[in-house]
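Quick note: residue numbers are just sequence positions, from 1.
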Amino acid sequence: MIPYRVAVIGSGPAGVYAAEALVRSRIDVSVDIYDRLPTPYGLVRYGVAPDHPRIKSIIVALQKVLERGQVRFLGDVHVGIDVTTDELGELYDAVVFATGASVGRRLSIPGEDLAGVCSATDFVAWYSGHPDHAQAGESFPLAAESVVVIGAGNVALDVARLLAKSAEDLAQTDMPPHVLDRLVCSNVRDVHLVCRRGPEHAKFTAKELRELLELDYVATELDADLLPAGSQDPMTAANLKAFADIAAREVVHGQRTLHFHFWSRPVEFLEAGGAVAAVRLERVQDVDGVAVPTGEVTELKAGMVVRSVGYHSTPVGTLPFDDSLGRVPHDAGRVLGPDGRALNGHYVAGWVKRGPTGVVGTNRACAADTVVSILADWEGQPPRGVTSDEVDRVLSERGIRPVTYDGWLSIDSEELSRGQVLGRARTKIPDWETLRRVGASGVAGLGRDTD
């Protein structure tokens, strides 16, 4: 009997967890995981800070799913361009969209489009070796002595920490050489972390804050008078204790200084010579739990600004999309059409389903809930009977030869070899051409036709 066939769009945690839940069900099912990139794992590969290799260990669990016999990885296939969402709906019994949220939110204040103002999403993708951003280094003016990072979450803290780190520490990461070269030659001396609310509201984790205490060459500046006495919430209490230790430390000869600015909101980016030169901040105060602007304004010098105020999903093919919420409208994972009814065979999981919230593990329960809906919809409904040969024929006729899991293993092996040469665990391949060429050398990875 021909199994049910499912296409999962996106090979990050949400997509892989959806595949895992499907193949672990009692239903005979085959899953094709598509990704626009030749490499799997999404933000685990291209969003986790390079100096946090332990977090990337989640890849070991995801890898086991990709190695299951019922699962195929089809990389370097751009759904919506190479093959449409409607076509996938005809080829599969179900299509699960797990495309994440790849765009940084904007602040919508004057001067945001000045040269030197960028999103953390783009900056992180660049230093993580994402092939879309291989040439983006010139967009990040690391010749600036002062950089402002706007945000109160771990991504903002990652950016600030990596800007402050030494060449020796950065050299141990999997960053591509051209990224390392630019960071090593950085002129940055002051990194300013700007948070709209107080330290008790920050979304940093105590573990990441305490990493700053280990950087004995980075000075920190934090006004201890802004710290509340404590908190009943254990996570907040741990953060406040970490902040207190940061405020109390002394680094006499810091190579760089990380400054914390709480109760400050950016209202304008100021220009000089066509690029950002300063950030105008307005003081904020807490009034009955509400952050209220005071009208008190200061200016902070900045030759580069990184905004880290959240992610936003983008539309996928012809799927309905709620731009105000940044996600696909759904009911228990079933995509809803303009009339509010579920679109037959179309589902969502992960950030494109619920918005950019939660941690990596949150995606497992989210994907499992969507799979419950899929299995319920299949009750009494036999498989369509479309085979993998039919799927491959459609792609082949268009000159699309996906990078398969074997092709990814070739990329993985090459990156490990490059890292070994440089004395580290891995060095990422950052460009499309090389990824495709190495991916084509896999046992079954044939690459993309270029004629």
Is the closest basic N to carboxylate O distance between K64 and E67 below 4.0 Å?
-> no

For F140, all residues meeting ring-ring contact (aromatic ring centres under 6.0 Å, His included), sequence neighbours excluded = F123, W126

With distance as the sole test, does T427 use its side chain to make a donor-acceptor pair with the main-chain N or O of P176 at under 3.5 Å?
-> no

Distance (rounded to the nearest 0.5 Å) between K353 NZ and R334 CZ | 10.0 Å

Heavy-atom side-chain proximity of N154 to T205 below 4.5 angstrom = yes

Without hydrogens or angle criteria, can the side chains of Y127 and D158 be said to hold a donor-acceptor pair below 3.5 Å?
-> no

List the atom pairs, donor and acceptor, that lie under 3.5 Å between side-chain atoms in residues 3-10 and the rest of the protein, sequence neighbours left out.
residue, atom, partner, partner atom, Å
Y4, OH, Q381, O, 2.4
R5, NH1, S30, OG, 3.3
R5, NH2, D32, OD2, 3.0

Could you check if a side-chain atom of R307 sits within less than 4.5 angstrom of a side-chain atom of C118, using non-hydrogen atoms only?
-> no

H192 meets the ring-ring contact (aromatic ring centres under 6.0 Å, His included) criterion, sequence neighbours left out, with H259, H261

Using the test salt bridge (charged side-chain N to carboxylate O under 4.0 Å, His left out), find all partners of D323 that sit at least two apart in sequence or belong to another chain.
-> none

Does the side chain of T236 come under 3.5 Å of the side chain of N239 through a donor N or O and an acceptor N or O?
-> no

Carboxylate-amine/guanidinium proximity below 4.0 Å for R45 and D412 = no

Between the side chain of S11 and the main-chain N/O of I33, is any donor-acceptor distance below 3.5 Å?
-> no

To the nearest 0.5 Å, tell me how far S186 OG sits from L163 CG.
-> 6.5 Å

Heavy atoms of other groups near E112 CD, more than 12 under 6.0 Å | yes

Who passes salt bridge (charged side-chain N to carboxylate O under 4.0 Å, His left out) against R24, sequence neighbours left out?
-> E20

Name every donor-acceptor pair, under 3.5 Å, that has one atom in a side chain of residues 355-363 and the other anywhere in the protein, sequence neighbours excluded.
residue, atom, partner, partner atom, Å
T362, OG1, V359, N, 2.9
T362, OG1, V359, O, 3.2
N363, OD1, R354, NH1, 3.1
N363, OD1, R354, NH2, 3.2
N363, ND2, V360, O, 3.2

Please collect all side-chain hydrogen bond (donor to acceptor under 3.5 Å, both in side chains) contacts where either partner lies in residues 133-144, sequence neighbours excluded, each pair once.
-> none

Considering non-hydrogen atoms only, spot the tightest contact between A156 and V149 and give its length.
-> O-CG1, 3.7 Å

D392: partners by side chain to side chain contact (heavy atoms under 4.5 Å, CB included), with sequence neighbours left out = R72

Are a donor atom and an acceptor atom from the side chains of R189 and T257 found within less than 3.5 Å of each other?
-> no

Listed partners of Y311 passing ring-ring contact (aromatic ring centres under 6.0 Å, His included), at least two apart | W351

Quick one: side chain to side chain contact (heavy atoms under 4.5 Å, CB included) partners of R210, sequence neighbours excluded?
-> L213, K241, A242, D245

Salt bridge (charged side-chain N to carboxylate O under 4.0 Å, His left out) evaluation trace for D190 with R256 | CA-CA 6 Å; D190 292 282; R256 293 180 173 122; over 6 Å; no

For the residue pair W432 and D76, confirm or rule out a side-chain donor-acceptor distance under 3.5 Å.
-> no

Do V103 and T121 come within less than 4.5 Å of each other through their side chains, counting heavy atoms only?
-> no

Give the C-alpha distance, both sets of side-chain angles, the deciding distance and a yes or no for side chain to side chain contact (heavy atoms under 4.5 Å, CB included) between L22 and Y17.
-> CA-CA 9 Å; L22 283 162; Y17 286 144; over 6 Å; no

Presence of salt bridge, R327 and D322, under 4.0 angstrom | no

Using a distance-only test with no angle check, is there a side-chain donor-acceptor pair under 3.5 angstrom linking D377 and Y347?
-> yes

Nearest-0.5 Å distance that lies between atom NZ in K203 and atom CE in M235 | 8.5 Å

Could you state the interatomic distance from OG (S102) to CG (D132), rounded to the nearest 0.5 Å?
-> 9.0 Å

Is it true that E397 and R393 make a salt bridge, defined as a side-chain N closer than 4.0 Å to a carboxylate O?
-> yes

For residues T387 and D389, is any side-chain donor paired with an opposing acceptor at under 3.5 Å?
-> no

Could you tell me whether a side-chain N or O of S146 sits under 3.5 Å from a main-chain N or O of K301, the two making a donor and an acceptor?
-> yes

Measure from the side-chain N and O atoms of Q255 to the backbone N and O of Y217, and report whether any donor-acceptor pair falls under 3.5 Å.
-> no

Is the closest basic N to carboxylate O distance between R161 and E214 below 4.0 Å?
-> no

Are L212 and F260 close enough that some pair of their side-chain heavy atoms sits under 4.5 Å apart?
-> yes

With a 6.0 Å cut-off on ring centres, are F243 and F262 close enough?
-> yes

Do K428 and S128 have side-chain atoms, one donor and one acceptor, less than 3.5 Å apart?
-> no

So with a 6.0 Å cut-off around CG of N344, is the heavy-atom count from everything else above 12?
-> no

List in chain and number order the residues that pass ring-ring contact (aromatic ring centres under 6.0 Å, His included) with H201, two or more places apart in sequence or in another chain; answer none if no residue qualifies.
-> W263

When rounded to the nearest 0.5 Å, the distance separating CG of L91 from CD of E87 is 7.0 Å

Taking the inter-plane angle between the rings of Y46 and H130 on a 0 to 90° scale, is it parallel (under 30°), tilted (30 to 60°) or perpendicular (over 60°)?
-> tilted

Contacts of E268 meeting salt bridge (charged side-chain N to carboxylate O under 4.0 Å, His left out) (sequence neighbours excluded), chain-then-number -> R280

